[in-house]
Amino acid sequence: MKRLNRWITALGLAATLGAPALAQSKPVEITLMYGLGGRLGEIIRATIDRYNKSQTEVVVRGEFADSYEGVLQKALAGIAAGQPAADLLQLEVALWPRLAAAGQLTDLATLPGFKAMYDGFWPVFRRQTDPDGDGKVYAVPWNNSNPVTYYNPQLLKKAGFEAPPKRWTEYREFARKVKEATGVPALAIPSFPWVLEGAVFSNDGEMVRGGRLALNEPAALEVINTWTQMIRDGSAVVENANTTQDFVAGKVAITFQSVASRPGIKALAGDKFKSNVRVANLPYFKKPVVPVGGATLAIPKGIPQDHVLAAWKFIQWLNTPEQQLAWIKETNYVPVTRATNDLRAFQSYLLTEQGLGQGMLQLPTARPRPADPGYVQAIQEIRKTLEDIWLNNRPVEPAINDLVNRTQALFKQP
Amino acid sequence: MAVARRFTNPRSLSIQRFGGGLGGALPYLLPALVIFVLFSYYPLLRVLYLSFTDADLLRPPQWVGLENYRKMLLSREFLGSLGVTATFALAVTALEVGLGMALAFLMQAKTRFQSLLRGAVFAPVVVSTVSAALIWQYMMNPNGGPLNAGLQTLGLPPLGWLTRPETALASVILIAFWKGVGLPAVIYLAGLQAIPKELLEAARVDGATTWQVARRITIPLLAPTTMVVLFLSLVGTFQSYGLILVLRTDGGPVGSTNLLGYHIYQNAFQYFQMGYACALSVFLFLLLAALAWIQFRLSERRVHYQ
């Protein structure tokens with residue numbers, strides 16, 4: 001009997017002590033599917049750990065999907081299976097519009113505290129995530145960037161230059177002199193049309209106009225002809241998978257890459273980074289314009305409401321100025337909120353190395369990339385055509401006219 | 001003998017105890033059958049169905065009849081990709097059969113380096129595709145990579161390798177061959193070891209040279225092995241896409257490495273054209289089925305079994 005009493009007392013005590021703990025709700029566990037690997041992947045995992053330690057309501061689990069295409073692939077598979085692949089998706093800026101158009105993403109504008117957060121983004125990111133201006137927002141910026149010019153000052157010095165020209169129109173003569181003086185190509189030009197978009201926009205042109213590619217218009221043709229001439233006279237080369245290594249090794253003087261490529265270039269260059277790598281603005285024709293790149297965060301439809309709210313909380317935390325600053329210091333992405341820019345710590349950080357603020361300086365001239373669903377496929381066709389012109393010496397105008405005609409059907413898709 | 005008879009006598013098998021025939025076999029077959037139907041046959045039929053729709057994985061698919069097939073046959077990208085794939089498959093297969101057999105002969109020869117050679121030939125098979133791609137990207141760097149450095153030492157002009165349309169496919173073929181030849185070589189080695197020694201000895205006693213033995217006895221007796229290698233290699237190469245993905249050629253330059261497998265992947269997961277990608281997959285399936293049928297018909301007529 002004594003023993004029984006002891007048991008009853010113990011159970012009562014346990015129940016009394018355990019009740020508050022049981023009354024507390026369990027944290028909501030959500031999954032973030034991301035597509036950045038390597039060092040950037042490590043930074044994302046560290047960010048998630050920091051968030052999980054900072055509060056007790058939400059537990060975020062990171063799932064690496066290999067690439068932005070990998071995230072899309074898994075998201076599509078989840079949609080087909082009627083079971084979203086994750087609670088939060090990192091979607092490349094050109095990829096989310098198609099998912100949104102098909103009604104597969106949550107309208108974030110309906111979530112608590114949306115307006116306060118969204119108004120804090122730079123206008124370019126608001127235009128990018130709300131291209132129709134209808135107030136419906138299916139993705140918010142996170143890791144956004146723009147392209148800059150990375151140059152090797154030692155090679156330029158040999159040709160008598162301190163820095164590369166600001167305008168594309170001055171590049172031909174400059175590139176010829178650099179090639180002559182150094183024996184290496186002055187610049188590597190990418191066939192992936194991100195830098196092309198900037199150059200065309202800067203020449204008052206458009207990539208897509210009236211439901212078709214506008215690369216056969218004079219503004220775009222001028223850009224392509226300028227680049228083609230440099231490639232054909234040997235002062236420029238077509239960018240390839242080895243370009244970054246070549247740039248770091250002094251085998252090409254200039255490469256145009258994302259501001260977020262800086263940590264990778266720095267790691268490759270090692271001790272030589274300070275002396276051999278400088279950053280300048282992206283060249284332009286008539287006026288400075290840079291296209292926005294990177295990825296956004298989106299919440300798929302079909303997940304439980306408590307997961308939607310948990311994912312939203314995580315998004316809000318990521319966009320606080322302090323977290324943005326921590327993220328930028330590691331990745332060199334641009335700040336997506338104005339409040340981050342206003343931080344004294346951010347301004348001090350920009351002064352620690354040459355060129356750190358170039359992406360930030362270019363933000364007032366930034367423009368969203370084309371958001372037409374057909375543009376994703378057109379990008380591959382643009383690449384093929386540019387490579388055909390540059391590597392097979394195909395004449396520019398017939399090749400571009402052919403490109404415009406054969407891609408027209410892509411822009412009629414639902 | 002009695003034991004052997006017992007195991008070869010169908011009446012003594014436990015199937016008979018379950019009543020014999022299909023009904024008796026079903027309990028044994030069911031687990032495997034369920035897995036096959038769910039994970040092999042259902043997806044196959046689903047792909048076939050989706051190939052007649054405008055599926056994009058975002059909306060419910062709508063029936064479009066033969067539209068995807070019409071589009072496929074009129075598509076310049078598809079026809080280009082088919083040509084690239086056929087070139088790639090035939091070249092890699094020819095190399096794997098020819099050099100795989102030659103390597104097997106070398107691996108069979110009893111030398112001090114036999115183990116080393118066998119390890120060296122098979123090692124690339126176990127190297128991950130990503131690692132292989134990184135190694136070869138470094139080797140083939142047109143701007144001072146080891147291969148171009150070697151060419152220049154020999155007084156030859158450097159090549160663009162993966163960056164030029166005229167050399168990109170040949171470069172991918174070389175990498176695929178390097179990565180894959182170990183397996184055919186080992187299969188051939190097993191085939192060589194299965195050839196009865198007395199046949200070879202008899203030929204030598206009759207005064208046949210090494211070349212004559214190889215040509216008249218060994219190679220004909222390896223015909224079943226060659227058929228297996230041919231089949232595996234052709235199927236594998238026609239389905240290739242991973243190498244292109246990790247070499248980051250994106251099917252270029254100018255579509256020169258746009259293998260059919262990669263073309264399907266792009267359409268399905270980058271262009272949101274799952275229905276069209278399914279039509280391409282059905283085409284690839286039929287193509288491989290036809291190749292398999294031709295191979296088996298040939299093997300019935302030409303392959304010499306012991």
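Keep in mind that this is a model prediction, so the values were computed, not measured. To find a chain, count down the sequence lines: A is the first, B the second, and so on, and within it residues start at 1.
Using a 4.5 Å heavy-atom cutoff, the side chains of B/Pro142 and A/Asn240 are in contact. For the pair A/Glu239 and B/Thr163, the minimum side-chain heavy-atom distance is 4.5 Å or more. A 4.5 Å side-chain heavy-atom check between B/Phe272 and A/Leu72 finds at least one atom pair inside the cut-off. Contact check for A/Gln245 versus B/Gln137: no side-chain heavy atoms found under the 4.5 Å cut-off.
Ion pairing between a basic and an acidic side chain is recognised when a charged N comes within 4.0 Å of a carboxylate O; A/Glu387 and B/Arg164 show no such pairing. Using a cutoff of 4.0 Å between basic side-chain nitrogens and carboxylate oxygens, A/Lys384 and B/Asp250 are not scored as salt-bridged.
The local environment of CZ in A/Phe192 is crowded, with over 12 non-hydrogen atoms from other residues, nucleotides or ligands closer than 6.0 Å. Crowding of B/Tyr42 atom OH: a count of heavy atoms from other residues, nucleotides or ligands under 6.0 Å not exceeding 12. Applying the 6.0 Å contact sphere to CZ of A/Phe64 captures more than 12 heavy atoms from other residues, nucleotides or ligands.
Taking A/Ile389, A/Asp246, A/Val184 one by one and counting their heavy-atom pairs under 4.5 Å with chain B, the maximum is reached by A/Asp246.
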Practice prompt. Determine, step by step, whether A/Ile79 and B/Leu58 satisfy the side-chain contact (heavy atoms from CB on, under 4.5 Å) criterion, reporting the C-alpha distance in whole Å, the side-chain angles of both residues, the deciding distance to 0.1 Å, and the verdict.
Written response: CA-CA 7 Å; A/Ile79 290 164; B/Leu58 293 169; 3.7 Å; yes
Worksheet entry | Residues A/Glu69, B/Tyr265; criterion side-chain contact (heavy atoms from CB on, under 4.5 Å); working and verdict | CA-CA 10 Å; A/Glu69 282 80 17; B/Tyr265 167 81; 3.7 Å; yes
Fill in: side-chain contact (heavy atoms from CB on, under 4.5 Å) between A/Ile379 and B/Gln270, intermediate numbers included
CA-CA 11 Å; A/Ile379 285 171; B/Gln270 289 181 4; over 6 Å; no
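Residues B/Gln266 and A/Gln377 bring no donor and acceptor atom of their side chains to less than 3.5 Å of each other.
In this structure, chain B has no heavy atom under 4.5 Å from any part of A/Arg394. Within the 4.5 angstrom heavy-atom criterion, only backbone atoms of B/Ala268 (N, CA, C, O) approach chain A. Contact annotation for A/Gln104: only side-chain heavy atoms (C-beta onward) come within less than 4.5 Å of a heavy atom of chain B.
With rounding to the nearest 0.5 angstrom, the CD atom of A/Glu381 is 6.0 Å from the OH atom of B/Tyr271. We find the CG-CD distance between A/Asn392 and B/Glu166 to be 7.0 Å, quoted to the nearest 0.5 Å. In this structure, A/Leu76 CG and B/Leu57 CG are separated by 5.0 Å, a value rounded to the nearest 0.5 Å.
Applying the salt bridge (charged side-chain N to carboxylate O under 4.0 Å, His left out) test to pairs two or more places apart or on separate chains, none has a residue in residues 282-291 of chain B.
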